[in-house]
Amino acid sequence: MTSLPTHTEKRLGLAIDLDTCVGCQACVTACKGWNDQGYGAPLSDQDPYGAAPSGAFLNRVHSYEITAADQSAAVIVNFPRSCLHCEDAPCVPVCPTGASYKRVEDGIVLVNEDSCIGCGLCAWACPYGAREMDADMGVMKKCTLCVDRIYNDHLPEEDRVPACVRTCPTGARHFGDFADPESTVSKLSAARGGYDLMPDLGTRPTNKYLPPRRKDAPDLSAPLAPLLDIQATGFAGWLDKVLGKI
Amino acid sequence: MHPAPSVIIFTVFSGMGFGLLAFLGVGLPATSGWAAFFLWGLGYGLAVGGLLASTFHLGNPQRFLRAFTQWRSSWLSREAIASVGCLLALAPVALSDWLQLGWPRGLGLIGAALAVLTIFCTSMIYAQLKTIPRWNHWTTPALFMLFAGAGGAILAGQNGAGAVFSALLVAVLLTAFRIGDGAFAARAQTLGTATGLGIIGPVQGAVRVFEQPHTSPNYLMREMIYLVARKHVEKLRALALIGAGIGPALLLPLTPPTMMGFAVIALLHLIGAFAARWLFFAQAEHVVGLYYGQR
Ligand code: SF4
Ligand code: SF4
Ligand code: SF4
(Lines give C-alpha, C1' and ligand atoms only; values in the text may rest on other atoms or scores of the structure.)
(Ligands and ions follow the chains in the order given, each with its own letter.)
Protein backbone atom coordinates (compact mmCIF):
# COMPACT_ATOMS: atom_id res chain seq x y z
CA MET A 1 0.00 0.00 0.00
CA THR A 2 1.41 3.38 -0.94
CA SER A 3 0.04 5.22 2.05
CA LEU A 4 2.92 6.29 4.27
CA PRO A 5 3.35 4.73 7.71
CA THR A 6 2.70 7.25 10.49
CA HIS A 7 5.67 5.98 12.44
CA THR A 8 8.68 3.78 11.72
CA GLU A 9 10.51 1.83 14.41
CA LYS A 10 13.95 2.80 13.18
CA ARG A 11 14.99 5.65 10.95
CA LEU A 12 17.93 4.23 9.05
CA GLY A 13 19.84 6.65 6.88
CA LEU A 14 23.11 8.34 6.07
CA ALA A 15 24.99 11.29 7.44
CA ILE A 16 27.02 12.73 4.58
CA ASP A 17 30.00 14.86 5.48
CA LEU A 18 30.53 17.64 2.96
CA ASP A 19 33.69 18.63 4.79
CA THR A 20 35.54 15.39 4.12
CA CYS A 21 34.10 14.30 0.76
CA VAL A 22 36.81 14.72 -1.86
CA GLY A 23 34.58 13.94 -4.83
CA CYS A 24 36.47 10.81 -5.84
CA GLN A 25 33.25 9.13 -7.08
CA ALA A 26 34.18 5.87 -5.32
CA CYS A 27 30.71 5.67 -3.75
CA VAL A 28 29.11 6.14 -7.17
CA THR A 29 31.09 3.20 -8.52
CA ALA A 30 30.63 1.02 -5.44
CA CYS A 31 26.89 1.68 -5.42
CA LYS A 32 26.58 0.79 -9.10
CA GLY A 33 28.82 -2.25 -8.62
CA TRP A 34 26.78 -3.65 -5.73
CA ASN A 35 23.36 -2.82 -7.07
CA ASP A 36 23.78 -4.13 -10.60
CA GLN A 37 24.04 -7.69 -9.39
CA GLY A 38 21.79 -8.06 -6.38
CA TYR A 39 18.50 -6.38 -5.61
CA GLY A 40 16.12 -6.08 -8.57
CA ALA A 41 16.85 -5.21 -12.19
CA PRO A 42 20.53 -4.61 -12.91
CA LEU A 43 21.22 -0.93 -13.40
CA SER A 44 21.48 -0.81 -17.17
CA ASP A 45 23.72 1.44 -19.22
CA GLN A 46 23.01 2.72 -22.69
CA ASP A 47 25.84 3.25 -25.16
CA PRO A 48 28.40 2.63 -22.38
CA TYR A 49 31.45 2.72 -24.65
CA GLY A 50 30.06 5.16 -27.20
CA ALA A 51 30.02 8.90 -27.56
CA ALA A 52 27.21 9.60 -25.09
CA PRO A 53 27.23 6.96 -22.36
CA SER A 54 24.22 7.07 -20.08
CA GLY A 55 22.82 4.82 -17.42
CA ALA A 56 20.85 4.44 -14.22
CA PHE A 57 22.69 5.31 -11.01
CA LEU A 58 21.41 5.49 -7.45
CA ASN A 59 24.03 7.90 -6.25
CA ARG A 60 25.59 10.90 -7.98
CA VAL A 61 28.33 13.21 -6.80
CA HIS A 62 28.02 16.86 -7.79
CA SER A 63 30.63 19.55 -7.43
CA TYR A 64 29.77 23.08 -6.40
CA GLU A 65 31.70 26.27 -5.93
CA ILE A 66 30.87 28.72 -3.18
CA THR A 67 32.07 32.23 -3.75
CA ALA A 68 32.13 33.63 -0.27
CA ALA A 69 30.62 37.02 0.31
CA ASP A 70 33.81 38.31 1.97
CA GLN A 71 35.82 37.94 -1.27
CA SER A 72 38.09 35.25 0.13
CA ALA A 73 39.03 32.33 -2.10
CA ALA A 74 36.21 30.21 -3.51
CA VAL A 75 35.47 26.88 -1.85
CA ILE A 76 34.75 23.70 -3.78
CA VAL A 77 32.22 21.39 -2.13
CA ASN A 78 31.65 17.87 -3.39
CA PHE A 79 28.08 16.89 -2.93
CA PRO A 80 26.91 13.24 -2.98
CA ARG A 81 23.20 12.96 -3.80
CA SER A 82 21.21 9.78 -3.13
CA CYS A 83 17.77 8.99 -1.68
CA LEU A 84 17.22 10.69 1.68
CA HIS A 85 14.62 8.10 2.81
CA CYS A 86 12.25 10.94 3.70
CA GLU A 87 9.76 10.49 6.52
CA ASP A 88 7.09 12.30 4.52
CA ALA A 89 8.27 10.84 1.24
CA PRO A 90 6.23 12.49 -1.55
CA CYS A 91 7.34 9.76 -3.96
CA VAL A 92 5.33 7.07 -2.16
CA PRO A 93 1.68 8.20 -2.08
CA VAL A 94 1.68 9.19 -5.77
CA CYS A 95 2.49 5.63 -6.89
CA PRO A 96 -0.60 4.10 -8.54
CA THR A 97 0.48 0.48 -8.23
CA GLY A 98 1.73 0.11 -4.67
CA ALA A 99 5.23 -0.55 -5.98
CA SER A 100 6.70 2.29 -3.95
CA TYR A 101 6.56 1.90 -0.22
CA LYS A 102 8.21 2.92 3.02
CA ARG A 103 9.05 0.16 5.46
CA VAL A 104 7.57 0.37 8.94
CA GLU A 105 10.46 -1.47 10.58
CA ASP A 106 13.32 0.76 9.47
CA GLY A 107 11.95 3.58 7.32
CA ILE A 108 13.72 2.49 4.14
CA VAL A 109 11.90 3.60 0.96
CA LEU A 110 11.87 0.85 -1.66
CA VAL A 111 10.36 -0.03 -5.04
CA ASN A 112 8.84 -3.44 -5.63
CA GLU A 113 9.96 -3.78 -9.22
CA ASP A 114 7.51 -6.57 -10.03
CA SER A 115 4.61 -4.15 -9.52
CA CYS A 116 6.15 -1.04 -11.06
CA ILE A 117 4.57 0.03 -14.37
CA GLY A 118 7.28 2.60 -15.01
CA CYS A 119 5.00 5.62 -15.06
CA GLY A 120 7.72 7.83 -13.62
CA LEU A 121 5.38 9.80 -11.38
CA CYS A 122 7.42 9.04 -8.25
CA ALA A 123 10.50 10.54 -9.88
CA TRP A 124 8.48 13.67 -10.66
CA ALA A 125 7.39 13.85 -7.03
CA CYS A 126 10.90 13.53 -5.58
CA PRO A 127 12.54 16.95 -5.15
CA TYR A 128 16.03 15.49 -4.87
CA GLY A 129 16.39 13.56 -8.12
CA ALA A 130 16.88 10.34 -6.20
CA ARG A 131 14.96 8.12 -8.61
CA GLU A 132 16.05 7.10 -12.07
CA MET A 133 14.18 4.90 -14.52
CA ASP A 134 16.05 1.86 -15.83
CA ALA A 135 15.86 2.35 -19.58
CA ASP A 136 16.16 -1.37 -20.33
CA MET A 137 13.72 -2.77 -17.81
CA GLY A 138 11.28 0.14 -17.64
CA VAL A 139 11.15 0.08 -13.84
CA MET A 140 12.05 2.74 -11.32
CA LYS A 141 15.38 2.40 -9.53
CA LYS A 142 16.41 4.10 -6.34
CA CYS A 143 18.80 3.75 -3.42
CA THR A 144 17.80 0.75 -1.30
CA LEU A 145 20.08 1.79 1.55
CA CYS A 146 21.72 -1.49 0.54
CA VAL A 147 18.97 -3.41 2.29
CA ASP A 148 20.56 -6.59 0.95
CA ARG A 149 23.84 -5.82 2.76
CA ILE A 150 22.87 -4.30 6.09
CA TYR A 151 20.88 -7.35 7.24
CA ASN A 152 22.96 -9.91 5.37
CA ASP A 153 24.34 -12.60 7.72
CA HIS A 154 26.45 -14.05 4.92
CA LEU A 155 28.64 -10.98 4.92
CA PRO A 156 31.35 -10.35 7.50
CA GLU A 157 30.23 -7.93 10.19
CA GLU A 158 32.20 -4.95 8.83
CA ASP A 159 30.55 -5.30 5.42
CA ARG A 160 27.02 -5.03 6.78
CA VAL A 161 26.83 -1.36 5.88
CA PRO A 162 25.88 0.24 2.56
CA ALA A 163 28.39 -0.21 -0.23
CA CYS A 164 28.91 3.53 -0.54
CA VAL A 165 29.67 3.83 3.17
CA ARG A 166 32.01 0.84 3.14
CA THR A 167 33.98 2.08 0.18
CA CYS A 168 34.39 5.77 0.94
CA PRO A 169 38.15 6.35 1.36
CA THR A 170 37.67 9.47 3.48
CA GLY A 171 34.84 8.19 5.67
CA ALA A 172 32.49 10.88 4.45
CA ARG A 173 29.39 8.68 4.51
CA HIS A 174 28.07 7.36 7.82
CA PHE A 175 25.25 4.86 8.22
CA GLY A 176 23.00 4.39 11.23
CA ASP A 177 19.68 4.85 13.00
CA PHE A 178 18.56 8.45 13.42
CA ALA A 179 15.72 7.35 15.73
CA ASP A 180 18.34 6.38 18.31
CA PRO A 181 19.83 9.55 19.84
CA GLU A 182 22.89 7.55 20.93
CA SER A 183 23.79 6.28 17.45
CA THR A 184 26.93 7.56 15.74
CA VAL A 185 24.95 9.31 13.05
CA SER A 186 22.66 11.06 15.55
CA LYS A 187 25.60 12.26 17.62
CA LEU A 188 27.58 13.29 14.56
CA SER A 189 24.65 15.19 13.16
CA ALA A 190 24.02 16.94 16.47
CA ALA A 191 27.68 17.85 16.92
CA ARG A 192 28.20 19.11 13.39
CA GLY A 193 24.86 20.78 12.72
CA GLY A 194 23.52 18.21 10.26
CA TYR A 195 20.84 19.77 8.08
CA ASP A 196 18.00 18.87 5.68
CA LEU A 197 17.86 19.65 1.96
CA MET A 198 14.99 21.94 0.90
CA PRO A 199 13.24 21.61 4.28
CA ASP A 200 10.41 23.91 3.13
CA LEU A 201 9.04 21.16 0.92
CA GLY A 202 8.00 19.23 4.02
CA THR A 203 9.59 15.92 3.06
CA ARG A 204 11.41 15.53 6.40
CA PRO A 205 14.48 13.74 5.03
CA THR A 206 16.16 11.11 7.21
CA ASN A 207 19.61 11.66 5.70
CA LYS A 208 21.52 14.60 7.08
CA TYR A 209 24.26 16.65 5.47
CA LEU A 210 27.15 17.87 7.60
CA PRO A 211 28.29 21.32 6.48
CA PRO A 212 31.82 22.02 5.24
CA ARG A 213 34.12 23.67 7.75
CA ARG A 214 35.81 26.97 7.03
CA LYS A 215 39.48 26.20 6.59
CA ASP A 216 41.10 28.88 4.53
CA ALA A 217 39.76 32.14 5.93
CA PRO A 218 42.23 34.88 6.82
CA ASP A 219 42.04 36.03 10.44
CA LEU A 220 40.05 39.16 9.83
CA SER A 221 39.94 40.25 13.47
CA ALA A 222 43.52 41.56 13.30
CA PRO A 223 44.66 41.71 9.71
CA LEU A 224 48.20 42.89 10.42
CA ALA A 225 48.79 40.81 13.54
CA PRO A 226 50.80 38.07 11.83
CA LEU A 227 53.15 40.62 10.25
CA LEU A 228 53.86 42.44 13.53
CA ASP A 229 54.39 39.35 15.51
CA ILE A 230 57.40 37.65 13.95
CA GLN A 231 59.42 36.18 16.81
CA ALA A 232 62.19 34.29 15.07
CA THR A 233 64.29 32.19 17.45
CA GLY A 234 67.47 30.12 17.25
CA PHE A 235 69.65 30.45 14.14
CA ALA A 236 66.95 32.33 12.27
CA GLY A 237 66.68 34.73 15.20
CA TRP A 238 70.43 35.34 15.22
CA LEU A 239 70.41 35.84 11.43
CA ASP A 240 67.50 38.22 11.75
CA LYS A 241 69.37 40.24 14.34
CA VAL A 242 72.61 40.32 12.36
CA LEU A 243 70.94 41.25 9.11
CA GLY A 244 68.96 43.89 10.90
CA LYS A 245 72.15 45.59 12.07
CA ILE A 246 73.83 45.76 8.65
CA MET B 1 9.48 19.10 -18.02
CA HIS B 2 9.98 17.15 -21.20
CA PRO B 3 6.86 17.60 -23.34
CA ALA B 4 6.36 13.92 -24.26
CA PRO B 5 4.03 13.69 -27.29
CA SER B 6 2.21 10.66 -25.84
CA VAL B 7 1.27 12.56 -22.69
CA ILE B 8 0.24 15.70 -24.57
CA ILE B 9 -1.92 13.70 -26.97
CA PHE B 10 -3.38 11.71 -24.09
CA THR B 11 -4.35 14.67 -21.96
CA VAL B 12 -5.79 16.74 -24.82
CA PHE B 13 -7.79 13.96 -26.49
CA SER B 14 -9.00 12.22 -23.37
CA GLY B 15 -9.97 15.57 -21.81
CA MET B 16 -12.03 16.45 -24.88
CA GLY B 17 -13.47 12.94 -25.03
CA PHE B 18 -14.54 12.83 -21.40
CA GLY B 19 -15.95 16.35 -21.78
CA LEU B 20 -18.10 15.16 -24.69
CA LEU B 21 -19.14 12.03 -22.78
CA ALA B 22 -20.23 14.19 -19.84
CA PHE B 23 -22.50 16.23 -22.13
CA LEU B 24 -23.93 13.13 -23.79
CA GLY B 25 -24.45 11.51 -20.38
CA VAL B 26 -26.73 14.31 -19.24
CA GLY B 27 -28.54 14.23 -22.59
CA LEU B 28 -27.07 17.31 -24.22
CA PRO B 29 -27.87 16.94 -27.00
CA ALA B 30 -30.57 14.28 -26.92
CA THR B 31 -29.65 12.04 -29.81
CA SER B 32 -30.81 8.82 -31.31
CA GLY B 33 -30.00 6.47 -34.16
CA TRP B 34 -26.89 6.99 -36.24
CA ALA B 35 -26.35 10.54 -34.98
CA ALA B 36 -26.11 9.05 -31.49
CA PHE B 37 -23.79 6.33 -32.76
CA PHE B 38 -21.51 8.93 -34.29
CA LEU B 39 -21.39 11.24 -31.25
CA TRP B 40 -20.99 8.50 -28.64
CA GLY B 41 -18.43 6.83 -30.89
CA LEU B 42 -16.47 10.07 -31.07
CA GLY B 43 -16.58 10.47 -27.27
CA TYR B 44 -15.48 6.89 -26.66
CA GLY B 45 -12.86 7.05 -29.41
CA LEU B 46 -11.23 10.17 -27.99
CA ALA B 47 -11.39 9.01 -24.37
CA VAL B 48 -10.16 5.47 -25.03
CA GLY B 49 -7.62 6.59 -27.63
CA GLY B 50 -6.23 9.08 -25.15
CA LEU B 51 -5.99 6.45 -22.43
CA LEU B 52 -4.21 4.09 -24.81
CA ALA B 53 -1.78 6.84 -25.84
CA SER B 54 -0.95 7.38 -22.16
CA THR B 55 0.29 3.80 -21.87
CA PHE B 56 3.02 4.54 -24.46
CA HIS B 57 5.09 6.36 -21.88
CA LEU B 58 4.94 3.49 -19.37
CA GLY B 59 7.97 1.28 -18.91
CA ASN B 60 5.82 -1.82 -18.29
CA PRO B 61 2.34 -1.17 -19.73
CA GLN B 62 1.40 -4.87 -19.48
CA ARG B 63 1.08 -4.43 -15.70
CA PHE B 64 -1.49 -1.62 -16.03
CA LEU B 65 -4.08 -3.50 -13.96
CA ARG B 66 -2.01 -2.83 -10.87
CA ALA B 67 -2.67 0.89 -11.34
CA PHE B 68 -6.24 0.33 -10.13
CA THR B 69 -5.18 -0.63 -6.63
CA GLN B 70 -3.93 2.52 -4.88
CA TRP B 71 -6.95 4.82 -5.03
CA ARG B 72 -6.53 5.68 -1.35
CA SER B 73 -3.41 7.73 -1.95
CA SER B 74 -2.71 8.09 -5.66
CA TRP B 75 -4.43 10.47 -8.09
CA LEU B 76 -3.15 8.40 -10.98
CA SER B 77 -4.86 5.33 -9.56
CA ARG B 78 -8.06 7.32 -8.96
CA GLU B 79 -7.95 8.52 -12.54
CA ALA B 80 -7.68 4.95 -13.80
CA ILE B 81 -10.67 3.82 -11.75
CA ALA B 82 -12.83 6.86 -12.52
CA SER B 83 -12.15 6.62 -16.24
CA VAL B 84 -13.01 2.94 -16.54
CA GLY B 85 -16.04 3.44 -14.28
CA CYS B 86 -17.23 6.24 -16.53
CA LEU B 87 -16.78 4.22 -19.72
CA LEU B 88 -18.67 1.27 -18.21
CA ALA B 89 -21.49 3.36 -16.73
CA LEU B 90 -22.16 5.15 -19.99
CA ALA B 91 -22.10 2.07 -22.23
CA PRO B 92 -25.77 1.10 -21.68
CA VAL B 93 -26.82 4.74 -22.14
CA ALA B 94 -24.96 4.93 -25.42
CA LEU B 95 -26.50 1.67 -26.56
CA SER B 96 -29.95 2.85 -25.59
CA ASP B 97 -29.50 6.11 -27.49
CA TRP B 98 -28.18 4.41 -30.59
CA LEU B 99 -30.80 1.66 -30.80
CA GLN B 100 -33.57 3.82 -29.31
CA LEU B 101 -34.25 1.36 -26.52
CA GLY B 102 -35.61 4.07 -24.23
CA TRP B 103 -33.77 2.79 -21.15
CA PRO B 104 -33.80 5.12 -18.10
CA ARG B 105 -30.99 7.67 -18.09
CA GLY B 106 -29.93 7.45 -14.44
CA LEU B 107 -26.64 5.81 -15.40
CA GLY B 108 -26.03 8.71 -17.77
CA LEU B 109 -25.90 11.15 -14.87
CA ILE B 110 -23.56 8.87 -12.91
CA GLY B 111 -21.37 8.46 -15.97
CA ALA B 112 -21.27 12.22 -16.53
CA ALA B 113 -20.20 12.76 -12.92
CA LEU B 114 -17.49 10.11 -13.33
CA ALA B 115 -16.31 11.82 -16.53
CA VAL B 116 -15.90 15.10 -14.65
CA LEU B 117 -14.15 13.24 -11.82
CA THR B 118 -11.78 11.62 -14.32
CA ILE B 119 -10.73 15.00 -15.70
CA PHE B 120 -10.27 16.34 -12.18
CA CYS B 121 -8.11 13.33 -11.21
CA THR B 122 -5.96 13.80 -14.33
CA SER B 123 -5.39 17.43 -13.41
CA MET B 124 -4.53 16.57 -9.80
CA ILE B 125 -1.74 14.23 -10.94
CA TYR B 126 0.03 17.42 -12.02
CA ALA B 127 -1.37 19.90 -9.52
CA GLN B 128 -0.29 17.83 -6.49
CA LEU B 129 3.43 18.06 -7.31
CA LYS B 130 5.18 20.54 -5.03
CA THR B 131 8.35 19.88 -6.98
CA ILE B 132 6.91 21.71 -10.01
CA PRO B 133 5.72 25.10 -8.73
CA ARG B 134 4.02 26.11 -11.99
CA TRP B 135 1.66 23.13 -11.76
CA ASN B 136 1.18 23.14 -8.00
CA HIS B 137 -1.71 25.64 -8.20
CA TRP B 138 -5.52 25.75 -8.54
CA THR B 139 -5.22 26.99 -12.11
CA THR B 140 -4.11 23.49 -13.14
CA PRO B 141 -7.41 21.72 -12.31
CA ALA B 142 -9.31 24.79 -13.54
CA LEU B 143 -7.55 24.62 -16.90
CA PHE B 144 -8.06 20.88 -17.37
CA MET B 145 -11.75 21.16 -16.47
CA LEU B 146 -12.32 24.13 -18.76
CA PHE B 147 -10.48 22.55 -21.67
CA ALA B 148 -12.65 19.47 -21.30
CA GLY B 149 -15.78 21.61 -20.90
CA ALA B 150 -15.07 23.80 -23.92
CA GLY B 151 -13.87 20.94 -26.13
CA GLY B 152 -16.75 18.69 -25.09
CA ALA B 153 -19.34 21.43 -25.63
CA ILE B 154 -18.03 22.22 -29.10
CA LEU B 155 -18.20 18.57 -30.13
CA ALA B 156 -21.63 18.18 -28.53
CA GLY B 157 -22.90 21.22 -30.47
CA GLN B 158 -23.68 23.11 -27.27
CA ASN B 159 -22.88 26.58 -28.61
CA GLY B 160 -23.90 28.51 -25.53
CA ALA B 161 -21.96 26.37 -23.07
CA GLY B 162 -19.04 26.19 -25.48
CA ALA B 163 -18.83 29.97 -25.76
CA VAL B 164 -19.01 30.43 -21.98
CA PHE B 165 -16.36 27.77 -21.27
CA SER B 166 -14.10 29.20 -23.98
CA ALA B 167 -14.38 32.69 -22.53
CA LEU B 168 -13.58 31.38 -19.05
CA LEU B 169 -10.66 29.47 -20.55
CA VAL B 170 -9.17 32.73 -21.83
CA ALA B 171 -9.36 34.23 -18.35
CA VAL B 172 -7.84 31.21 -16.59
CA LEU B 173 -5.14 30.75 -19.24
CA LEU B 174 -4.07 34.36 -18.79
CA THR B 175 -4.08 33.94 -15.01
CA ALA B 176 -2.09 30.71 -15.23
CA PHE B 177 0.49 32.33 -17.54
CA ARG B 178 0.90 35.31 -15.23
CA ILE B 179 1.06 33.41 -11.92
CA GLY B 180 3.00 30.54 -13.46
CA ASP B 181 5.80 32.82 -14.66
CA GLY B 182 6.56 33.81 -11.08
CA ALA B 183 5.73 30.48 -9.44
CA PHE B 184 9.24 29.07 -9.27
CA ALA B 185 10.73 32.24 -7.82
CA ALA B 186 7.85 32.50 -5.35
CA ARG B 187 8.77 29.15 -3.79
CA ALA B 188 12.27 30.50 -3.21
CA GLN B 189 14.05 27.21 -3.86
CA THR B 190 17.53 27.83 -5.20
CA LEU B 191 20.78 25.90 -5.57
CA GLY B 192 21.51 27.36 -2.13
CA THR B 193 18.51 25.64 -0.50
CA ALA B 194 18.78 22.50 -2.63
CA THR B 195 22.31 21.90 -1.37
CA GLY B 196 21.96 23.83 1.87
CA LEU B 197 25.27 25.47 1.00
CA GLY B 198 23.81 28.92 0.51
CA ILE B 199 22.33 29.17 3.96
CA ILE B 200 24.04 26.71 6.28
CA GLY B 201 27.38 26.58 7.97
CA PRO B 202 30.43 28.77 8.16
CA VAL B 203 31.00 28.96 4.43
CA GLN B 204 28.33 31.17 2.96
CA GLY B 205 27.95 32.87 -0.33
CA ALA B 206 26.85 32.36 -3.89
CA VAL B 207 26.74 28.70 -4.93
CA ARG B 208 27.26 27.65 -8.52
CA VAL B 209 27.83 24.42 -10.37
CA PHE B 210 31.54 23.72 -10.63
CA GLU B 211 31.39 20.40 -12.44
CA GLN B 212 28.48 18.19 -13.49
CA PRO B 213 28.26 14.73 -11.92
CA HIS B 214 28.08 12.97 -15.28
CA THR B 215 29.18 13.70 -18.81
CA SER B 216 25.96 13.13 -20.74
CA PRO B 217 22.33 13.63 -19.76
CA ASN B 218 20.66 11.03 -17.54
CA TYR B 219 16.99 10.17 -17.01
CA LEU B 220 16.49 13.13 -14.69
CA MET B 221 17.87 15.64 -17.14
CA ARG B 222 16.00 14.18 -20.11
CA GLU B 223 12.72 14.00 -18.23
CA MET B 224 12.75 17.12 -16.09
CA ILE B 225 14.99 19.69 -17.69
CA TYR B 226 13.77 21.17 -20.96
CA LEU B 227 15.62 24.19 -22.22
CA VAL B 228 14.89 24.13 -25.94
CA ALA B 229 12.34 26.20 -27.81
CA ARG B 230 11.18 28.30 -24.91
CA LYS B 231 11.88 31.27 -27.17
CA HIS B 232 8.62 30.70 -29.07
CA VAL B 233 6.59 31.04 -25.90
CA GLU B 234 4.83 34.29 -26.79
CA LYS B 235 3.68 33.04 -30.20
CA LEU B 236 2.46 29.75 -28.76
CA ARG B 237 0.62 31.54 -25.98
CA ALA B 238 -1.17 33.70 -28.54
CA LEU B 239 -2.03 30.58 -30.54
CA ALA B 240 -3.37 28.88 -27.41
CA LEU B 241 -5.47 31.87 -26.37
CA ILE B 242 -6.92 32.53 -29.83
CA GLY B 243 -7.36 28.91 -30.89
CA ALA B 244 -8.72 27.39 -27.71
CA GLY B 245 -10.47 30.40 -26.21
CA ILE B 246 -11.05 33.66 -28.07
CA GLY B 247 -11.80 32.07 -31.46
CA PRO B 248 -14.47 29.61 -30.28
CA ALA B 249 -15.96 32.14 -27.83
CA LEU B 250 -16.58 34.60 -30.70
CA LEU B 251 -17.43 32.13 -33.45
CA LEU B 252 -19.73 29.72 -31.61
CA PRO B 253 -22.67 32.11 -31.19
CA LEU B 254 -22.46 33.04 -34.88
CA THR B 255 -22.05 29.58 -36.37
CA PRO B 256 -25.04 27.95 -38.00
CA PRO B 257 -25.56 24.40 -36.73
CA THR B 258 -23.83 22.70 -39.62
CA MET B 259 -21.37 19.85 -39.47
CA MET B 260 -18.79 21.93 -41.30
CA GLY B 261 -19.04 24.86 -38.91
CA PHE B 262 -18.50 22.70 -35.85
CA ALA B 263 -15.65 20.81 -37.46
CA VAL B 264 -13.79 24.06 -38.17
CA ILE B 265 -14.28 25.36 -34.63
CA ALA B 266 -13.36 22.01 -33.13
CA LEU B 267 -10.15 21.98 -35.16
CA LEU B 268 -9.36 25.53 -34.09
CA HIS B 269 -9.93 24.59 -30.46
CA LEU B 270 -7.79 21.49 -30.82
CA ILE B 271 -4.85 23.45 -32.24
CA GLY B 272 -5.09 25.90 -29.37
CA ALA B 273 -5.37 23.08 -26.84
CA PHE B 274 -2.25 21.37 -28.19
CA ALA B 275 -0.31 24.63 -28.05
CA ALA B 276 -1.46 25.23 -24.47
CA ARG B 277 -0.68 21.69 -23.36
CA TRP B 278 2.76 21.74 -24.98
CA LEU B 279 3.52 24.95 -23.08
CA PHE B 280 2.12 23.42 -19.90
CA PHE B 281 4.86 20.81 -20.01
CA ALA B 282 7.69 22.67 -21.73
CA GLN B 283 7.48 25.65 -19.38
CA ALA B 284 7.15 23.65 -16.17
CA GLU B 285 10.36 23.69 -14.18
CA HIS B 286 11.22 20.95 -11.69
CA VAL B 287 13.30 21.79 -8.61
CA VAL B 288 15.71 18.94 -9.39
CA GLY B 289 17.06 21.13 -12.19
CA LEU B 290 18.62 23.28 -9.47
CA TYR B 291 21.20 20.57 -8.75
CA TYR B 292 22.32 20.78 -12.36
CA GLY B 293 22.17 24.56 -12.58
CA GLN B 294 19.60 24.18 -15.36
CA ARG B 295 15.85 24.34 -15.30
S1 SF4 C 1 14.73 11.41 -1.48
FE2 SF4 C 1 13.18 11.30 -3.09
S3 SF4 C 1 13.02 9.12 -3.55
FE4 SF4 C 1 14.02 9.28 -1.56
S5 SF4 C 1 12.35 9.15 -0.06
FE6 SF4 C 1 12.75 11.33 -0.42
S7 SF4 C 1 11.29 11.87 -2.05
FE8 SF4 C 1 11.42 9.63 -2.04
S1 SF4 D 1 7.31 4.42 -11.75
FE2 SF4 D 1 6.78 2.52 -10.63
S3 SF4 D 1 7.28 2.99 -8.50
FE4 SF4 D 1 7.18 4.95 -9.56
S5 SF4 D 1 5.07 5.69 -9.31
FE6 SF4 D 1 5.10 4.56 -11.26
S7 SF4 D 1 4.53 2.47 -10.71
FE8 SF4 D 1 5.08 3.49 -8.78
S1 SF4 E 1 23.10 3.00 0.39
FE2 SF4 E 1 23.54 1.47 -1.22
S3 SF4 E 1 22.03 1.91 -2.81
FE4 SF4 E 1 22.08 3.71 -1.48
S5 SF4 E 1 23.58 5.12 -2.42
FE6 SF4 E 1 24.70 3.87 -0.92
S7 SF4 E 1 25.50 2.13 -2.14
FE8 SF4 E 1 23.87 3.08 -3.35
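First the proteins, then the strands, lettered A, B, ... as listed; each starts at 1.
Judged by the 6.0 Å distance and 45° axis criteria, A/R81 is positioned over the aromatic ring of B/Y291.
Listed here is the closest heavy atom pair of A/E113 and B/R63: O-NH1, 2.8 Å. Scanning all heavy atoms of the two residues, the minimum distance from A/S54 to B/P217 falls at OG-O, 3.2 Å. Listed here is the closest heavy atom pair of B/L58 and A/I117: CB-O, 3.5 Å. When all heavy atoms of A/D114 and B/R66 are compared, the pair lying nearest together is O-NE, 3.7 Å.
Only the backbone of A/C95 comes within less than 4.5 Å of a heavy atom in chain B; its side chain stays farther off. Of the two parts of A/L18, only the side chain, counted from C-beta on, holds a non-hydrogen atom closer than 4.5 Å to a non-hydrogen atom of chain B. Of the two parts of A/I76, only the side chain, counted from C-beta on, holds a non-hydrogen atom closer than 4.5 Å to a non-hydrogen atom of chain B. A/F79 touches chain B through its side chain: at least one heavy atom from C-beta onward sits under 4.5 Å away, while N, CA, C and O do not. For A/M137, the part lying under 4.5 angstrom from a heavy atom of chain B is the backbone only. For A/V94, the parts lying under 4.5 angstrom from a heavy atom of chain B are both the backbone and the side chain.
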Next item on the list: Apply the test side-chain contact (heavy atoms from CB on, under 4.5 Å) to residues B/Y219 and A/M140: give CA-CA distance (whole Å), side-chain angles for both, the deciding distance (0.1 Å), then the verdict.
Entry: CA-CA 11 Å; B/Y219 170 76; A/M140 194 52 75; 3.8 Å; yes
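Of the possible polar contacts, one joining the B/S216 side chain to the A/P53 backbone as a donor-acceptor pair under 3.5 Å is found. Of the possible polar contacts, none joining the B/N60 side chain to the A/G118 backbone as a donor-acceptor pair under 3.5 Å is found. No side-chain donor-acceptor contact under 3.5 Å links B/T131 to the backbone of A/P127.
Chain B forms the most heavy-atom pairs under 4.5 Å with one residue out of A/C126, A/A56, A/P90, A/G55, and that residue is A/C126. For the set B/H57, B/H214, B/K130, B/Q212, the entry with the most heavy-atom pairs within less than 4.5 Å of chain A is B/H214.
Remark: aromatic rings of B/Y292 and A/H62 are close, center separation under 6.0 Å.
The shortest side-chain heavy-atom distance between A/Y64 and B/V209 falls under the 4.5 Å cut-off.
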